[in-house]
Amino acid sequence: MGQQHGKQVLFSQVKIDDAFWSPRIAVNRQVTLAHEYEMCRTTGRLDAFKLHWEPGTEPVPHIFWDSDVAKWVEAASYSLAAHPDPDLERKLDDITTLIASAQQADGYLNTHFTAVEPDKRFTNLRDWHELYCAGHLIEAGVAHAEATGKRTLLDAVCRYADLLARVFGTGEGQIPGYPGHEEIELALVKLYRATGQRRYLELSRYFIDQRGRQPHYYDLESARRGEKARGDYSYCQAHLPVRQQESVTGHAVRAMYLYSGMADIARETDDQTLAAACERLWNHLTGKQMYVTGGIGASRSNEGFLDDYDLPDDTAYCETCAGIGLIFWAQRMLQLGCDRRYADVLERALYNNVLAGSSLDGRRFFYDNPLAAYGTKKDSQGRLTQTTRYYQRSEWFGCACCPPNYARLLSSLGGYVYSVYGDNRAAVHLYVGGEATLAIGSGQVTIRQQTRYPWDGQIAIRVSPEKPAAFQLALRIPGWCQSFRLQVNGQDVSDAPETNGYRLIERTWSEGDQVVLTLELPVRRVFAHPSVRACQNKVAIQRGPIVYCAEQADHSDPVRHLCLPEDTALQASFEADLLGGVVTITGTARAALPGEALYGPAPLTKPCPIRLIPYYVWNNRQPGEMRVWLPIAP
Ligand code: ZN
């Protein structure tokens with residue numbers, strides 16, 4: 001990539017004060033965290049750490065329960081760092097003490113394999129989530145220590161990681177295995193950064209390097225269990241050594257966590273072959289496998305990828321966690337190179353697929369995020385009858401990975417806004433109001449953004465170095481933006497040099513310098529590659545980063561009857577009282593004519609008003625049909 005690596009500006013250095021994001025972060029803090037805590041408590045996930053489970057009793061601590069609690073600890077820790085809350089801090093103290101109390105004398109820490117199946121420890125890395133849970137506990141320990149300075153959980157996960165470093169490897173007496181559900185790789189890099197202990201980085205690199213090698217560990221492991229080998233390990237991205245992988249495969253969340261870990265290791269160890277593999281996988285994913293909402297993983301059956309361009313809309317799986325994983329990966333690719341291709345995808349997934357993951361009230365969640373919903377109801381003979389049962393968010397799930405994942409992303413959002421490259425470039429990846437402190441060269445610079453983005457394209461950025469300092473301010477011009485204006489202290493600098501989609505303003509900055517970036521935000525029609533069969537002769541509407549949909553609550557005709565003439569004028573207007581305040585898009589569409597004719601010589605449609613809302617706010621009113629891709633009216 002031929003450029004300096006970046007350094008993420010951590011969430012703790014970024015204070016968000018933003019009309020769009022602050023209310024959502026407040027709901028996350030005030031409602032979602034409390035709700036998820038109660039869900040973890042009432043389902044037995046917290047009590048599982050007491051290790052009191054007796055055979056024959058319910059509930060049985062599940063193999064992935066530890067990860068749900070760990071993600072909650074992580075989310076709550078980030079939230080606490082940004083917003084002191086004694087009640088939350090007390091809860092965190094209790095939970096981290098409880099988790100640490102479940103640690104075994106040798107450092108092992110897993111509720112299921114301690115209380116339920118103690119003889120099965122590390123015997124099925126392929127299918128069970130032991131190392132995945134370990135990864136989440138490690139992330140939680142790091143976050144909790146960073147937020148509170150308390151080391152209860154951090155010390156425990158260090159001991160656990162030390163055990164894993166002894167158990168796993170290619171040395172004499174070690175297990176030459178690696179996780180079927182990746183996650184620990186990126187977590188160990190965080191642990192390395194938090195502690196400075198290089199052995200955690202080495203263990204992460206081992207898990208990545210060992211993956212997919214022959215003789216295949218999962219063959220050996222299944223033989224030891226007396227089972228037939230599965231043969232194809234593309235489901236968990238272990239079909240080949242990672243540097244030989246050309247295309248994204250299998251389970252989407254696993255893939256995103258693996259690629260995130262690969263990008264981390266590429267950056268930390270300056271490994272060009274690993275960076276090149278990341279780049280190939282990135283191009284494949286974003287060129288052939290990604291939805292317009294930034295959702296990924298089209299299929300429910302493998303919770304992952306289908307064939308290239310196979311992106312059905314109403315059956316799209318697009319797990320919230322997969323979109324979040326894509327954001328994690330994009331953020332790490334941005335540290336390998338300042339390139340808007342990564343930030344554009346990060347923004348697309350964030351404002352659409354992932355934000356749809358929670359209801360506006362913060363109490364209900366989507367696991368999968370389809371791009372169309374028509375409702376289904378089967379009668380007693382199995383016939384589809386009238387559409388009255390619609391897809392909706394749920395309060396919780398048996399497999400509850402998504403809700404706490406959403407919570408931890410929202411409460412650490414500040415960490416995705418900026419990077420510093422080398423000693424002289426500050427990059428703004430996302431336009432989010434608030435204030436950040438960046439270390440550039442030997443000095444500190446405060447950057448304050450003020451904006452009503454994504455509804456309005458004007459972003460005012462105040463740059464205040466401690467003392468006058470020369471550096472580049474790199475501002476992303478999003479790929480969707482056709483026209484923009486850039487000013488510094490009232491002077492036009494729109495022709496500032498551009499590199500990889502960022503405009504570079506290089507000058508000696510002094511206290512209070514004012515940059516104004518104005519991005520044009522027209523309503524845009526978006527068309528898919530002709531190979532995407534589900535989108536042929538259809539159009540999606542986008543404005544800025546926001547993808548729109550038609551929802552039943554705004555229409556008297558069924559949404560599945562609506563189609564959009566190519567030449568229809570579309571108006572954008574801000575509606576303060578609708579769905580927390582959104583820009584809607586209105587115009588005249590066409591809808592099916594009432595009548596009995598199945599076929600006819602002319603299009604069987606009539607004009608009708610249409611109102612499109614942002615995709616991320618759908619299903620916050622009464623349940624009903626929804627559609628992102630609208631047929632183009634004949
Ligand atoms: Zn999930």
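One-based numbering along the sequence shown. Note that these values count all heavy atoms, side chains included, but never hydrogens, waters or copies made by symmetry. Every number for a ligand or one of its atoms is a count from 1 in the order of the listing.
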- Message: Are Phe122 and Phe168, when compared by the centres of their aromatic rings, separated by less than 6.0 Å?
- Response: yes

- Message: So, using ring-ring contact (aromatic ring centres under 6.0 Å, His included) as the criterion, who are the partners of Trp629 when residues are at least two apart?
- Response: none

- Message: Check the orientation of Trp480 and Tyr453. Use parallel for under 30°, tilted for 30 to 60°, and perpendicular for over 60°.
- Response: parallel

- Quick one: do Glu146 and Arg193 make a salt bridge, cutoff under 4.0 Å? no

- Note, the Zn ion (ligand 1) has protein N, O or S atoms under 2.8 Å numbering 4

- Identify, with sequence neighbours excluded, every residue that meets ring-ring contact (aromatic ring centres under 6.0 Å, His included) alongside Tyr406. none

- Query: What pairs with His284 under side chain to side chain donor-acceptor pair (under 3.5 Å), at least two apart in sequence or on another chain?
  - Reply: Asp308

